[in-house]
Amino acid sequence: MTDVLIYHNPRCSKSRQTLALLGEQGVEPQVVEYLKTPPDRPTLERILQLLNLEPRALLRTKEPEYQALGLDDPNLDREGLIEAMLSHPKLIERPIVIHGNRAAIGRPPEKVLEIL
């Protein structure tokens, strides 16, 4: 299976576990270290669409940037939240696995098996 992509952070245990789980399934995904190569706006919009999520649901709320940027403000609109993720990719939940037109967040890692 070569059409699998993972947005990966090697410092994240869940991301490493998800990558290992894919390997155990015989899947060699394309690995995108999204902190080094952040998604652009169209890519982030596609990820949100594939996950069927609004931006707020893809935010890592425990990151210091979340509080510093005031992202807990319920009045922030979709555009503002997307801008925050584009400017601070560390805020994007991880890992995200995409297979064709399906996507899953690897929390827990076994969630990605549903899309393979």
Side-chain angles (χ1 to χ4, degrees):
M1 207 177 300
T2 58
D3 60 339
V4 176
L5 181 138
I6 182 171
Y7 287 92
H8 176 62
N9 179 349
R11 296 186 58 146
C12 170
S13 63
K14 293 295 184 208
S15 198
R16 290 191 309 270
Q17 291 168 8
T18 301
L19 188 57
L21 180 63
L22 291 171
E24 291 166 10
Q25 300 297 312
V27 176
E28 293 183 33
Q30 176 186 348
V31 177
V32 175
E33 288 189 31
Y34 73 97
L35 296 179
K36 292 181 182 177
T37 310
D40 58 15
R41 178 177 300 280
T43 302
L44 185 55
E45 291 277 7
R46 180 172 184 264
I47 290 168
L48 288 164
Q49 179 184 13
L50 292 175
L51 290 169
N52 195 29
L53 293 177
E54 286 301 316
R56 190 168 296 284
L58 195 59
L59 283 170
R60 294 181 55 82
T61 60
K62 294 185 178 154
E63 294 295 336
E65 292 87 347
Y66 182 83
Q67 292 298 325
L69 295 169
L71 298 177
D72 56 344
D73 179 351
N75 294 317
L76 273 176
D77 64 3
R78 185 176 203 281
E79 183 62 28
L81 297 171
I82 287 174
E83 277 300 320
M85 287 189 276
L86 293 171
S87 299
H88 305 275
K90 186 177 184 183
L91 289 166
I92 301 170
E93 187 59 87
R94 61 182 179 252
I96 299 169
V97 175
I98 298 175
H99 178 224
N101 287 323
R102 300 179 75 197
I105 298 172
R107 291 188 173 271
E110 294 76 20
K111 289 287 288 179
V112 303
L113 298 177
E114 297 170 6
I115 67 166
L116 299 181

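No side-chain heavy atom of Thr61 sits less than 4.5 Å from a side-chain heavy atom of Asp72. Side-chain atoms of Tyr34 and Ile96, non-hydrogen and from C-beta on, never get closer than 4.5 Å to each other. Taking the side chain as every heavy atom from C-beta outward, Ile6 and Val112 never approach each other to under 4.5 Å. The shortest side-chain heavy-atom distance between Asp3 and His99 falls under the 4.5 Å cut-off. Using a 4.5 Å heavy-atom cutoff, the side chains of Arg46 and Ile98 are in contact. The shortest side-chain heavy-atom distance between Leu58 and Ile105 falls under the 4.5 Å cut-off.
Partners of Gln17 under the side-chain contact (heavy atoms from CB on, under 4.5 Å) rule, at least two apart in sequence or in another chain, are Ser13, Lys14, Pro109. Contacts of Asp40 classified as side chain to side chain donor-acceptor pair (under 3.5 Å), with partners at least two apart in sequence or in another chain: Thr43. With sequence neighbours left out, Gln49 forms a side-chain contact (heavy atoms from CB on, under 4.5 Å) with no residue at all. Under the salt bridge (Lys or Arg N to Asp or Glu O under 4.0 Å) criterion, Glu65 pairs with no residue at all, not counting sequence neighbours. With sequence neighbours left out, the salt bridge (Lys or Arg N to Asp or Glu O under 4.0 Å) criterion links Glu63 to Arg60, Lys90. Residues satisfying the side chain to side chain donor-acceptor pair (under 3.5 Å) test with Ser87, not counting sequence neighbours, are none. Partners of Arg56 according to the side-chain contact (heavy atoms from CB on, under 4.5 Å) rule, which considers only residues two or more places apart in sequence or in another chain, are Tyr66, Leu76, Leu81. With sequence neighbours left out, the salt bridge (Lys or Arg N to Asp or Glu O under 4.0 Å) criterion links Glu24 to no other residue. Residues passing the salt bridge (Lys or Arg N to Asp or Glu O under 4.0 Å) test with Arg102, sequence neighbours excluded: none. Under the side-chain contact (heavy atoms from CB on, under 4.5 Å) criterion, Leu86 pairs with Arg41, Leu44, Ile82, Glu83, sequence neighbours left out. Judged as a side chain to side chain donor-acceptor pair (under 3.5 Å), and not counting sequence neighbours, the contacts of Ser15 are His8. Annotation: side chain to side chain donor-acceptor pair (under 3.5 Å) contacts of Arg16 (sequence neighbours excluded): none.
For the atom pair CG of Leu71 and NE2 of His88, the computed distance is 8.0 Å after rounding to the nearest 0.5 Å. For the atom pair CD1 of Ile47 and CE of Met85, the computed distance is 9.5 Å after rounding to the nearest 0.5 Å. Taken from OG1 in Thr37 to OH in Tyr7, the straight-line distance is 9.5 Å, to the nearest 0.5 Å. Of the inter-residue distances, the one linking Thr18 atom OG1 with Lys111 atom NZ reads 12.0 Å to the nearest 0.5 angstrom.
The shortest heavy-atom contact between Ala103 and Leu50 is CB-CB, 3.7 Å. Pairing each heavy atom of Pro39 with each of Ile92, the nearest pair is CG-CD1, 3.9 Å. The minimum heavy-atom distance linking Ala84 with Leu69 is given by the pair CB-CD1, 4.5 Å. Residues Arg94 and Asn9 share a closest heavy-atom pair of CD-CB, 3.5 Å. The heavy-atom pair separating Leu19 from Pro29 by the smallest distance is CD1-CG, 3.7 Å.
Using a 4.0 Å cut-off between charged nitrogen and carboxylate oxygen, Glu33 and Arg11 do not count as a salt-bridge pair.
The environment of CG in Asp73 is crowded: more than 12 heavy-atom neighbours from other residues, nucleotides or ligands sit within 6.0 Å. More than 12 heavy atoms of other residues, nucleotides or ligands shown are found within 6.0 angstrom of CG on Asp77.
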Inset, instruction - Show the numbers, then the answer: is there a side-chain contact (heavy atoms from CB on, under 4.5 Å) between Val4 and Ile115? - result: CA-CA 10 Å; Val4 176; Ile115 67 166; over 6 Å; no
